[in-house]
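The block underneath contains the structure these notes are about, expressed in structure tokens.
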Protein chains: 2
Amino acid sequence: MVVSLAQIRETSGEVFMEGCPTRVVLDHIMSKWGVLVLLALTDGTLRWGELRREVQGISEKMLASTLRTLEADGLVARTSYPEVPPRVEYALTDLGRELMDRMLPLVEWVAGHADAIVER
Amino acid sequence: MVVSLAQIRETSGEVFMEGCPTRVVLDHIMSKWGVLVLLALTDGTLRWGELRREVQGISEKMLASTLRTLEADGLVARTSYPEVPPRVEYALTDLGRELMDRMLPLVEWVAGHADAIVER
DNA sequence: CGGAATCCCAGGCGATACTG
DNA sequence: CAGTATCGCCTGGGATTCCG
């Protein structure tokens with residue numbers, strides 16, 4: 001797939017306008033914790049506690065609100081099992097996987113160049 | 001290029017650790033204004049005033065600090081011409097273009113799905 | 001024109017405690 | 001275990017003014 005900025009302008013000519021839907025979604029998925037949570041779930045389904053441990057440094061509050069946002073966006077699916085003690089699992093939806101197919105190459109590139117970039 | 005989370009873990013096994021360089025760079029380029037500025041420069045060289053008008057809603061303070069960060073990261077090049085009135089141009093570096101090659105497919109996808117996502 | 005400096009505020013975010 | 005509730009900090013970020 002060839003992609004150009006012109007195409008983006010056609011698809012959503014408002015990317016650079018305030019209140020544009022694209023900006024809203026970008027804010028969700030490109031946020032500090034959004035990417036890390038999505039990234040963690042790329043491995044597969046995780047429970048609340050596993051996510052909390054995986055994404056080091058995230059507070060319970062931010063994990064909760066990040067997950068709620070991503071679930072509302074239809075990118076993450078929450079499954080609650082009626083057990084005692086309670087068990088809740090989070091996984092990417094099909095939409096979420098589509099998204100991560102596009103995001104992984106970017107993160108991969110950043111991971112490969114981050115050291116060179118920050119040591120300037 | 002096939003990309004997996006496993007590869008990312010190999011390249012930078014610390015993505016999920018606090019203070020990891022990858023997190024720092026991600027914070028720069030995936031920030032609210034970082035993406036929009038990089039996106040605007042994908043079209044080509046722009047002057048300060050053009051950038052300010054292109055990225056609607058950005059304040060002078062945020063434009064300045066965003067540009068300084070991206071320039072320090074080696075993703076954006078700043079060229080100042082010794083004229084009166086002063087003229088300053090910003091453009092992507094080779095590194096910045098490499099980055100945007102990976103980011104454009106992602107933004108393109110988001111632009112195409114944003115409406116469906118936010119109207120939930 | 002292209003910024004830098006200053007002031008100031010909302011709310012993002014962390015820490016802690018509590019609950020079903 | 002998987003959250004919610006509450007409090008309070010601190011800083012991201014807007015508005016304004018000034019400078020080379």
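Lettering follows sequence order; numbering is per chain, from 1.
- Proximity of R97(B) to D94(B): side-chain heavy atoms (C-beta onward) are separated by under 4.5 Å at one or more points.
- The distance from atom OH of Y81(A) to atom C1' of dG3(D) is 18 Å, rounded to the nearest whole Å.
- Nearest-nucleotide assignment on DNA chain D puts the 5′-proximal partner with S59(B), out of P86(B) and S59(B).
- Within the helix from dC1(C)-dG20(D) to dG20(C)-dC1(D), the inter-axis angle between the opening and closing five-pair segments is 50°, rounded to 10°.
- In this structure, I58(A) places its CD1 atom 15 Å from P of dG12(C), rounding to the nearest Å.
- At distances below 3.5 Å, not a single donor-acceptor pair connects side-chain atoms of T66(B) with backbone N or O atoms of W33(B).
- Applying the side chain to side chain contact (heavy atoms under 4.5 Å, CB included) test between R102(A) and each of L106(B), V110(B), L104(B), V107(B) identifies L106(B) as the sole match.
- Counting heavy atoms from C-beta on, the side chains of R78(A) and V88(A) come closer than 4.5 Å.
- At whole-Å resolution of the value, CZ in R53(A) and C1' in dC1(D) are 11 Å apart.
- Between L36(B) and I58(B) there is no side-chain heavy-atom pair separated by less than 4.5 Å.
- For DNA chain D, the residues of residues 72-80 of chain A within the heavy-atom distance limit of 4.0 Å (strictly under) are R78(A), sorted by number.
- For DNA chain D, the neighbouring residues in residues 61-70 of chain B, judged by any heavy atom under 4.0 Å, are K61(B), M62(B).
- Formation of a donor-acceptor pair under 3.5 Å by the T42(B) side chain with backbone atoms of L38(B) is found in this model.
- Annotation: side chain of R53(B) is not in contact with side chain of F16(A) (no heavy-atom distance under 4.5 Å).
- In this model, the phosphate group of dA4(C) is not approached by any side-chain N or O of W48(B) to a distance below 4.0 Å at OP1 or OP2.
- Counting to the nearest Å, the C1' atom of dG3(D) and the CD atom of E50(A) are 16 Å from each other.
- Of the two residues near DNA chain C, Y90(B) and E60(A), the one whose nearest nucleotide lies more 5' is Y90(B).
- Atom CD of E83(A) and atom P of dG3(D) are 13 Å apart (whole Å).
- Applying the 4.0 Å criterion to OP1 and OP2 of dG2(C), one finds that R52(B) has every side-chain N and O outside that range.
- If you measure from atom CE of M30(B) to atom P of dG12(D), you get 18 Å, rounded to the nearest angstrom.
- Within the 4.5 Å cutoff, no side-chain heavy atoms of T45(A) are placed close to those of Y90(A).
- No hydrogens or angles considered: a donor-acceptor pair under 3.5 Å links the side chains of E89(B) and Y81(B).
- Here the options are L67(B), L75(B), T69(B), the test is side chain to side chain contact (heavy atoms under 4.5 Å, CB included), and the partner is V37(B); only L67(B) passes.
- E98(A) places a side-chain heavy atom less than 4.5 Å from the side chain of W109(B).
- Contact check, R87(A) against dA2(D): no side-chain N or O comes under 4.0 Å of OP1 or OP2.
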